[in-house]
Colleague: 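Encoded as structure tokens, here's the structure I'll be asking about.
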Amino acid sequence: MRMASVQFRARRAAEPAKPEPEHEKEPEQVEEPAAHVPPAHHPGHHNYDHMKNKFMNEIGHLPLPMWAVGAIVVVVLVLVGCCTFCLFKKCFGQKKKTKKVRERKAGRRRKADNEGGGEGGDKEEGDKKEGEGEEKEQEKLGKLEFSLDYNFTDAQLIVGILQAQDLAAMDMGGTSDPYVKVYLLPDKKKKHETKVQRKNLCPVFNETFIFKIPYTELGGKILVLQVFDFDRFSKHDVIGEIKIPMNSVDLGQPMQCWRDLENSEKEEAEKLGDVCISLRYVPTAGKLTINIMEAKNLKKMDVGGLSDPFVKIVLQHNGKRIKKKKTTVKKNTLNPYFNESFSFEIPFEQIQKVQVVITVYDYDKLGSNDAIGKTFMGYGATGVGLKHWSEMLANPRRPVAQWHVLCPEEEVDAALKVPPR
């Protein structure tokens, strides 16, 4: 028993000595992490540095050099800036325009409210005047300088077309091809026109025209000066006009003045009639045969409501008349039947440069013959005239017939003067 208790004591005495190294190690384990803890940093700054390093690494791996990357960035920024500027300008311009429209409408409403309900007629007149004023401000058609004189000895009215300024642009390119038409109302029988001034908004004409008319009849006439924009492929557009009642003009001495152009009243195109023509060309013989077959719905030229029509054919080459022929006169009819043929010798090498001008006249025993209408085919022609001429050349030795609409003489003359484009 003594031996057992002695051993037990000896074991207990030896046990407290074992945990001592554990106590020594514990402070070392606690101090070690404290010594290596890095200083605290803001998480946002850490993310920015990380993304920057990543972006630079990506750029470094690109196959392009740095100057090319910089150029691409600059171009992209410029394009974005331009798009932004255009969008801003468009939106700003629309707002500005709508604001002006609202101000105009508001002004009209205020004026109508001030005039009161019992003055309905005055309101309408006021609105009309305002509308006319706005139209005049918006539509500046230009102005025309002209001169007037009367020769009492020879009973002649002398009209001079001098020049025009600031004409309205009628073509897509921002220009016009102006010419001036001069005639007297109400008869419109004698019409003159100036030469076409190509692509000119301030043309100089310096042309003079004479109307033979007794002074006693002049007071009931109205002189019309119409400025047109010439168009080869469609109807000529009216730029503006000036109307001068001759009873308001003192012709005792010559006058020269400027006048603003006004809007021309829209008139329906006057129907002059149609003429049926047959063409036949034989290249080997160099022979052109023109058959004037018939005409229909011609304009009434005589007092009795009829006409005495005949047809004149003029062959031109390079603007010069080579030959001219005419049909017989058909009395008192608006639908004459001619069926008359005329032959012309034209070599094959010249056929492409030839013009055939057809004019239908009203025969007058006492005075000069009045032109009812006109058309032409061949070099420089358009529309039906060009089509008919092309079909004739495509079908040699075969007659090709075609109806042609008659046009005013001055329009065809102007088309003949202008060189083809």
Side-chain angles (χ1 to χ4, degrees), residues 155 181-193 209-214 216-218 220-222 224 235 267-280 288-316 321 323-344 355-377 381 383-385 388 399-416:
K181 189 185 293 185
V182 185
Y183 59 91
L184 289 169
L185 290 176
D187 47 11
K188 284 189 182 180
K189 275 192 173 182
K190 189 73 173 176
K191 290 185 179 181
H192 299 284
E193 63 179 40
F209 307 103
I210 296 174
F211 294 90
K212 193 168 183 64
I213 181 171
T216 54
E217 298 179 10
L218 194 59
K221 306 292 183 183
I222 297 175
V224 181
K235 186 179 178 181
E267 299 179 0
E268 291 185 5
E270 192 176 21
K271 294 181 180 179
L272 305 176
D274 306 273
V275 60
C276 186
I277 305 165
S278 173
L279 299 177
R280 179 175 179 265
L288 173 66
T289 304
I290 301 172
N291 184 288
I292 306 299
M293 301 177 72
E294 59 180 314
K296 64 180 181 180
N297 303 325
L298 296 179
K299 181 185 174 184
K300 301 171 184 177
M301 302 295 287
D302 297 339
V303 179
L306 295 172
S307 295
D308 302 325
F310 71 94
V311 180
K312 183 178 180 180
I313 306 167
V314 175
L315 189 70
Q316 294 186 172
R321 293 184 179 182
K323 290 182 181 179
K324 59 181 180 178
K325 296 183 179 182
K326 61 183 179 179
T327 66
T328 56
V329 178
K330 303 298 178 181
K331 293 285 186 177
N332 300 324
T333 179
L334 300 178
N335 301 283
Y337 182 79
F338 298 100
N339 195 24
E340 299 181 31
S341 296
F342 306 92
S343 296
F344 301 90
Q355 294 171 324
V356 177
V357 184
I358 306 292
T359 310
V360 181
Y361 285 92
D362 173 47
Y363 175 75
D364 195 340
K365 285 183 179 180
L366 301 177
S368 59
N369 301 324
D370 299 319
I372 298 175
K374 200 170 187 176
T375 187
F376 81 102
M377 295 149 285
V384 177
H388 194 187
V400 181
Q402 178 71 52
W403 282 97
H404 292 259
V405 178
L406 294 174
C407 300
E409 185 181 21
E410 58 273 7
E411 287 187 14
V412 176
D413 290 342
L416 290 167

Colleague: Can you confirm whether Tyr363 sits close enough to Lys331 that some side-chain heavy atom of one is under 4.5 Å from a side-chain heavy atom of the other?
Modeller: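 Sidechains of Lys331 and Tyr363: in contact.
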Colleague: Please find the pair of heavy atoms, one from Ser341 and one from Asn291, that lie closest to each other, and give the distance.
Modeller: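 Taking every non-hydrogen atom into account, OG-ND2, 2.6 Å.
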Colleague: Under the side chain to side chain contact (heavy atoms under 4.5 Å, CB included) test, which residues partner Glu409, sequence neighbours left out?
Modeller: Tyr361, Ala371, Lys374, Asp413
Colleague: For residues Ile292 and Phe338, report the shortest heavy-atom separation together with the two atoms involved.
Modeller: O-CB, 3.3 Å
Colleague: For the NZ atom on Lys324, are there more than 12 heavy atoms of other groups (residues, nucleotides or ligands in this structure) within a distance under 6.0 Å?
Modeller: no
Colleague: How about Ile313 and Val357: do any of their side-chain heavy atoms sit closer than 4.5 Å?
Modeller: no
Colleague: Give me the atom names and distance for the closest heavy-atom approach of Leu306 to Thr333.
Modeller: CB-N, 4.4 Å
Colleague: For residues Met377 and His404, determine if any side-chain heavy atom of one lies less than 4.5 Å from a side-chain heavy atom of the other.
Modeller: yes
Colleague: Does the side-chain contact (heavy atoms from CB on, under 4.5 Å) test come out yes or no for Val182 and Val224, once each step is laid out?
Modeller: CA-CA 6 Å; Val182 185; Val224 181; over 6 Å; no
Colleague: Looking at side-chain heavy atoms only, is the closest gap between Val275 and Leu406 below 4.5 Å?
Modeller: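 A side-chain contact under 4.5 Å exists here.
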Colleague: Could you tell me whether a side-chain N or O of Ser307 sits under 3.5 Å from a main-chain N or O of Asp362, the two making a donor and an acceptor?
Modeller: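 Here the side-chain-to-backbone pair does not exist.
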Colleague: Would you find a donor on one side and an acceptor on the other, under 3.5 Å apart, between the side chain of Lys325 and the backbone of Leu315?
Modeller: no
Colleague: Residues in side chain to side chain contact (heavy atoms under 4.5 Å, CB included) with Lys296, at least two apart?
Modeller: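 Scan of Lys296 (side chain to side chain contact (heavy atoms under 4.5 Å, CB included), adjacent residues dropped) gives Asp274, Asn335, Trp403.
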Colleague: Can you tell me how the ring of His192 sits relative to the ring of Phe211, calling it parallel under 30°, perpendicular over 60° and tilted otherwise?
Modeller: perpendicular
Colleague: By side chain to side chain donor-acceptor pair (under 3.5 Å), which residues pair with Thr289, not counting sequence neighbours?
Modeller: none
Colleague: Under 3.5 Å, side chain of Asn297 to main-chain N/O of Gly273, donor-acceptor pair present?
Modeller: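 No: the side chain of Asn297 does not pair with the backbone of Gly273.
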